[in-house]
Each structure stands twice: as structure tokens, then as C-alpha cells.
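A quick write-up on the structure given underneath.
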Amino acid sequence: FFENMLDAQDSRNLIKALFIPTLLLFVALWFLPQEVETPAVHVFHLFTLHSGKKPQYESVAIGFNSCVDLIVRASSVLDALGVNKRPAAVMHDQVISMNTLLETYSYGFFHSSAVERFLGNDELCNTVLQAAQGVEHKDYYIGGNAALMGLRFAESGAKVLLGGAVGPAAQKLISEQSPGNGKISFAAGENGKDEIHLIMEYSAGELWDDASASRANRFIVHCDHTSSRLDALEQFKESQVKFKPDAIVLAGLHMLEKEPKEFRTRRLTEVLSFIKSVPASVPIHLEMASIGDDDLLREILFTVAANVNSIGLNEQELAHVNHVIHSVTTKDFSSFKPLVSLVTEAIEATLEILQAKNVIKERSLGRVHFHALEYHLIAVKEGRGWESGLDSVVAGSLDASLKSCNIANPGSVQLNDLFELFKLPFMETQMWGANPQAPQNPSVHQWKNTEKQLEYSLAVVGVCKSPKRTVGLGDAISASGLVYHGYNKPKRS
């Protein structure tokens with residue numbers, strides 16, 4: 001009956017569709033202790049809250065990175081390269097040799113953290129890609145933050161303008177993988193260039209020499225010059241004028257990391273110029289990503305993030321932001337379930353600092369979408385045009401559960417499947433830290449910080465027991481949240 005519930009088009013069908021799951025939810029909550037919620041009840045709860053909600057945007061322009069993802073088991077690539085001993089775990093900002101590559105991978109594996117690096121050596125790049133292409137089990141998918149978010153918007157029925165490296169292989173993959181009634185067009189036309197990114201995945205509990213991965217994650221390497229130079233910027237800027245989007249998403253700025261500082265500054269200044277040219281009625285969202293260079297992250301934050309309406313980031317990215325603009329290093333951020341009080345404090349401080357860097361009076365940061373493995377949180381600043389974040393955070397949490405378990409059709413899910421597929425992380429009271437708003441059952445919760453004029457919406461994630469997918473989840477989560485988050489240009493007095 002999920003299918004009936006999700007497809008209800010009028011109030012009569014909606015009432016019928018909601019009756020059974022609502023009744024089941026009521027019965028389950030009645031007989032369970034107040035502090036206990038099963039995965040099935042929680043996911044049902046999210047479905048019920050999400051049912052009947054409508055996408056907020058009919059057209060979305062998204063730049064600047066897209067590519068072809070080659071997805072393989074990390075262990076298969078290591079075997080193909082003849083690597084059987086784990087080297088020291090060292091995080092290198094620049095990967096220019098096999099040694100720095102393996103040490104950086106070792107660091108990511110040991111900490112089970114997502115890492116992405118540009119290979120600054122063409123010979124090394126060819127060696128690793130050839131090894132990966134030679135393994136028996138491999139898959140090709142469309143990749144890149146912008147392209148992955150574009151697919152999610154198309155799934156909602158939106159028309160999408162995609163700026164990035166889109167050659168013949170990428171166009172074919174987009175055609176095969178684009179769901180829903182949405183249509184994706186390309187700012188580069190039909191003559192784009194394909195770029196390949198290697199996604200090396202590992203599972204929770206997987207062993208490598210003397211180390212064990214505590215969670216499923218991935219290690220990404222590439223030598224994508226098209227995205228690193230933001231080559232799509234000018235065509236994207238020109239094409240979106242005629243496209244007239246309802247919203248704009250900027251992603252892939254982290255790809256600038258391998259470029260010289262002067263080049264990065266010039267391109268980010270040109271991105272800011274583009275932002276200034278967009279009508280204030282069109283919200284702009286910036287999707288963050290893993291960046292090793294503190295100076296680049298600081299420049300992206302102060303030049304771009306301070307002048308958009310919304311940003312999306314995960315626990316590792318928020319930790320890095322916290323370190324770069326507050327000069328504070330907090331290990332707690334790297335946990336799967338960082339303290340809610342710690343996250344909200346970091347968000348509040350970040351909003352204040354970035355507001356001071358804002359140079360566009362008609363546009364300022366008023367929304368932060370934070371997503372960790374076990375819960376998602378959306379902060380909305382009053383008076384900056386964003387509606388309540390509850391529908392948005394529920395959509396993102398639900399999408400994280402479904403996509404990690406590779407459930408393309410929610411209508412196919414049966415009641416018993418929910419118990420087998422998902423586990424529910426319990427948000428213990430101590431996880432809220434010093435936050436006085438900690439509820440008895442915080443699986444879906446809202447509260448306000450009246451002093452800071454912020455509304456918070458939180459949803460716990462039904463975590464997939466055996467993840468079928470890790471790459472692109474953050475992009476899908478942020479896009480899903482944005483799809484269902486309405487924006488109205490704030491009135492200026």
C-alpha cells in the first residue's frame with residue numbers, strides 16, 4: 001500500500017491511502033514504551049509525514065561538475081595493483097605518487113571517512129584507472145555532485161539544466177538513469193567531454209591487513225581537468241538566462257583544489273559575479289564537499305557561501321568548516337552521531353561569521369542542511385525566505401534510507417521488509433548534549449532558538465543494514481531536501 005499512498009492525487013484517495021499506515025503507526029506507538037520506536041514504525045512515520053507533499057520547483061539549473069563514475073570494490077583495485085600490506089595512515093592534500101595515494105587511502109579506510117583526491121600525476125592516473133577497468137566486477141554510473149543532484153530533481157518531475165563535463169558516455173548514462181518525468185538538458189550542448197572518476201568502495205567490517213572499516217564508505221580519485229577549472233561556468237551562466245530556473249544549485253567548487261591559488265581566486269570571483277546576476281527571487285544552494293586545502297575552503301566560504309541562500313554539508317565537512325573559520329578542532333564531529341548541541345552551536349557561529357562576509361544585500365544565507373549517518377538537521381533563519389524545514393528534513397531522511405538500500409520503487413516495499421532492511425539508531429538524551437530541547441522521542445522533532453531566530457528540524461535516519469550504495473548519497477539527500485523546501489523572496493523594509 002506504499003504505492004497507493006504515494007500516488008494519491010486527491011483528498012479522498014489520500015485519506016484512504018493514509019488510513020492503514022496511520023492506524024498501524026497509532027497501534028504500534030500505543031503498545032510500545034514511549035522511549036522505543038522500531039525501524040518499521042519510524043520509516044512508516046516518515047512515509048506518512050511525506051505523503052502528499054509536492055515538489056517546490058519546476059525548473060532547476062545545476063552546475064558545475066559531472067562525470068562518469070567507475071565503481072569497483074577497493075580491495076579488487078588494490079589486488080590489481082599488487083598491494084597487500086597497509087601503509088601508514090597519512091592524509092595527503094596532494095596525491096602525486098603511488099605512496100601518497102596508498103597512505104591517503106589508508107587514512108580514509110582506517111577512519112572510515114569519505115575522501116576525494118585529484119591525482120596530480122597523469123602516469124599514476126592512467127595506472128590506477130587501467131587497474132580498475134581490468135577488474136571483473138565493475139559498474140559505470142553518472143557521477144559528479146551536480147549531475148547526481150540533477151537526477152534527483154528530474155525524479156521529482158523538474159526540468160533540469162546541467163552544467164558540467166557531459167560527453168557521449170555521460171549522456172547515455174543520464175538517459176538510462178534519469179527517472180521520473182523530468183527532462184535534463186546540457187549547458188554544453190551535445191559536444192561535451194567525458195571525465196572518469198574512480199570510486200573505490202568498502203563495506204562495514206571489511207578487513208585490510210591490520211585494520212577494519214567501522215562503516216561502509218568510499219575513496220574517490222580522478223584527474224578531471226574539466227571540472228577542476230570550472231570550464232562549465234561560462235556556458236552555464238549564459239544558458240540559465242534563457243532557461244529561467246526556479247532555483248539554482250552550485251556544486252563541485254571543491255574541484256578547484258589542484259589549481260594554483262591565483263586561478264582559484266579568479267574563478268571564485270567569477271562565480272560570485274554570476275551569483276550577483278541572478279534575480280533575488282531565485283534561491284541559490286551551495287553543496288559542500290570534502291576539501292583538503294584550508295585556504296580554498298575559507299575562500300569558498302567567504303566568497304560564495306556567504307552570498308547564497310542555502311548550503312548542504314555532512315559531519316566531516318562541518319568539522320572542517322568549524323576548524324577553518326573558528327580555529328577549533330572537534331573530534332566529536334567525526335562520529336556517526338555527533339552531539340546535536342555541538343552541531344547547532346557550529347551552525348549558529350558559522351551563520352554569524354558568514355553573514356558578516358555577505359556582500360549581496362538581496363541574498364543571504366538562511367538555510368543549512370546538515371546530514372550525518374544517523375540523523376539529519378535543517379536550520380532555517382527567520383526572515384530569509386525559507387519555509388519550515390520539517391518537510392525537507394523528512395524527505396532527505398527517507399531518501400537516505402531508500403537509496404542506501406537501493407530501493408528504487410517504494411511501492412514494492414512490504415511491511416516485513418522494513419524489519420529486515422533497516423536498523424534505527426536511538427537518539428539517547430546524552431546525544432543532545434547541553435541542548436535543553438531534547439525530547440523523549442526525537443526521531444522527528446522541531447524546536448526554536450528564539451535568541452538566534454533559528455528554527456531547527458531533525459529527523460533520525462532508518463539506517464540500511466546492508467548498504468548497496470554509498471557514493472552520491474549526500475548529493476541525493478541535499479537535493480531531496482531542497483525539492484520539498486519552499487522559498488519566498490523575503491520582503492525588505
Side-chain angles (χ1 to χ4, degrees), residues 67-141 143 195-224 228 254-255 257-258 289-293 314-316 320 331 334-336 373 404-406 463-474:
C67 63
V68 174
D69 279 346
L70 169 56
I71 302 180
V72 295
R73 299 299 305 170
S75 56
S76 298
V77 178
L78 294 173
D79 288 344
L81 291 171
V83 178
N84 50 35
K85 184 173 178 59
R86 188 176 73 87
V90 181
M91 180 65 86
H92 294 280
D93 293 341
Q94 303 294 325
V95 176
I96 57 175
S97 66
M98 186 63 74
N99 186 56
T100 54
L101 170 67
L102 294 175
E103 287 184 345
T104 304
Y105 173 74
S106 179
Y107 181 94
F109 184 90
F110 184 79
H111 294 278
S112 297
S113 58
V115 177
E116 179 174 346
R117 288 293 180 268
F118 181 90
L119 299 183
N121 180 319
D122 289 342
E123 183 178 351
L124 173 66
C125 184
N126 291 333
T127 298
V128 175
L129 285 180
Q130 285 177 7
Q133 289 170 329
V135 305
E136 182 178 358
H137 300 291
K138 54 185 178 290
D139 293 294
Y140 291 92
Y141 292 95
E195 296 280 5
I196 297 179
H197 289 212
L198 174 61
I199 317 295
M200 299 167 57
E201 295 190 321
Y202 50 85
S203 305
E206 185 169 326
L207 297 175
W208 182 33
D209 198 9
D210 59 344
S212 173
S214 56
R215 63 177 285 191
N217 224 317
R218 72 276 181 191
F219 182 73
I220 305 175
V221 292
H222 62 87
C223 38
D224 181 353
S228 71
H254 65 289
M255 302 289 288
E257 190 163 13
K258 55 90 46 181
S290 172
I291 298 175
D293 189 307
N314 64 25
E315 71 276 12
Q316 292 155 4
H320 199 183
K331 291 183 179 179
S334 62
S335 70
F336 306 153
L373 175 67
S404 61
C405 272
N406 200 28
V463 178
C464 185
K465 291 181 179 178
S466 301
K468 304 297 189 297
R469 173 183 173 187
T470 63
V471 67
L473 276 182

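Treat the numbers as computed from the prediction; the structure is a model and nothing was measured.
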task: Verify side chain to side chain contact (heavy atoms under 4.5 Å, CB included) between Val95 and Tyr105, making sure each step is shown before the conclusion.
output: CA-CA 10 Å; Val95 176; Tyr105 173 74; over 6 Å; no
Test side chain to side chain contact (heavy atoms under 4.5 Å, CB included) applied to His111 and Met91, step by step: CA-CA 11 Å; His111 294 278; Met91 180 65 86; over 6 Å; no
- request: Begin with the C-alpha distance, continue with both residues' side-chain angles, and end with the deciding distance and a verdict on side chain to side chain contact (heavy atoms under 4.5 Å, CB included) for Thr127 and Leu81.
  value: CA-CA 8 Å; Thr127 298; Leu81 291 171; 4.1 Å; yes
field: side chain to side chain contact (heavy atoms under 4.5 Å, CB included) assessment of His137 paired with Ser76
entry: CA-CA 9 Å; His137 300 291; Ser76 298; over 6 Å; no
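Here Phe118 pairs with His222, His225 under the ring-ring contact (aromatic ring centres under 6.0 Å, His included) rule; sequence neighbours left out.
Closest non-hydrogen pair, Phe110 versus Ala89, comes out as CB-CB, 4.5 Å. Shortest non-hydrogen contact noted between Ser203 and Ala213 is O-CB, 3.5 Å. Residues Val135 and Ala80 share a closest heavy-atom pair of CG1-CB, 4.4 Å. The two residues Tyr141 and Ile71 come nearest to each other via the heavy atoms CD1-CD1, 3.4 Å. Counting all heavy atoms, side chain and backbone alike, Ala132 lies closest to Leu70 at CB-CD2, 3.8 Å. In this structure, Leu207 and Ser212 approach most closely via the heavy-atom pair CD2-CB, 3.6 Å.
Atoms CE and NE2, on Met255 and His197 in that order, are 4.0 Å from each other to the nearest 0.5 Å. Distance OG/Ser75 to CG/Asn84: 13.0 Å, rounded to 0.5 Å. Atom-to-atom distance recorded for Arg218:CZ and Ser113:OG is 10.0 Å, nearest 0.5 angstrom. Atom CD of Glu201 is separated from atom CZ of Phe219 by 13.5 Å, given to the nearest 0.5 angstrom. Separating the CZ atom in Phe109 from the OG atom in Ser214 is a distance of 9.0 Å, to the nearest 0.5 Å. Ile196 contributes atom CD1, which lies 10.5 Å from atom CG of Asp224 (distance to the nearest 0.5 angstrom).
One N or O on the side chain of Ser97 and one on the backbone of Thr100 form a donor-acceptor pair closer than 3.5 Å. Of the possible donor and acceptor atoms, none in the side chain of Gln94 sits under 3.5 Å from a partner among the backbone N and O of Gly120. Of the possible polar contacts, none joining the Ser106 side chain to the Arg86 backbone as a donor-acceptor pair under 3.5 Å is found. When atom types are taken as modelled, the side chain of Gln316 and the backbone of Ser290 share no donor-acceptor pair closer than 3.5 angstrom. Side-chain N or O atoms of Lys138 include one that pairs as donor or acceptor with a backbone N or O of Gln133 at under 3.5 Å. With hydrogens and angles ignored, the 3.5 Å screen pairs a side-chain donor or acceptor of Arg117 with a backbone N or O of His92.
Judged by distance alone, the side chains of Arg215 and Ser112 never bring a donor and an acceptor atom under 3.5 Å apart.
Residue Met200 is tested with Ile220, Val115, Val77 for a side-chain contact (heavy atoms from CB on, under 4.5 Å); the sole match is Val77. Evaluated for a side-chain contact (heavy atoms from CB on, under 4.5 Å) with Asp69, the options Ile199, Asp139, Leu198 yield exactly one hit, Ile199.
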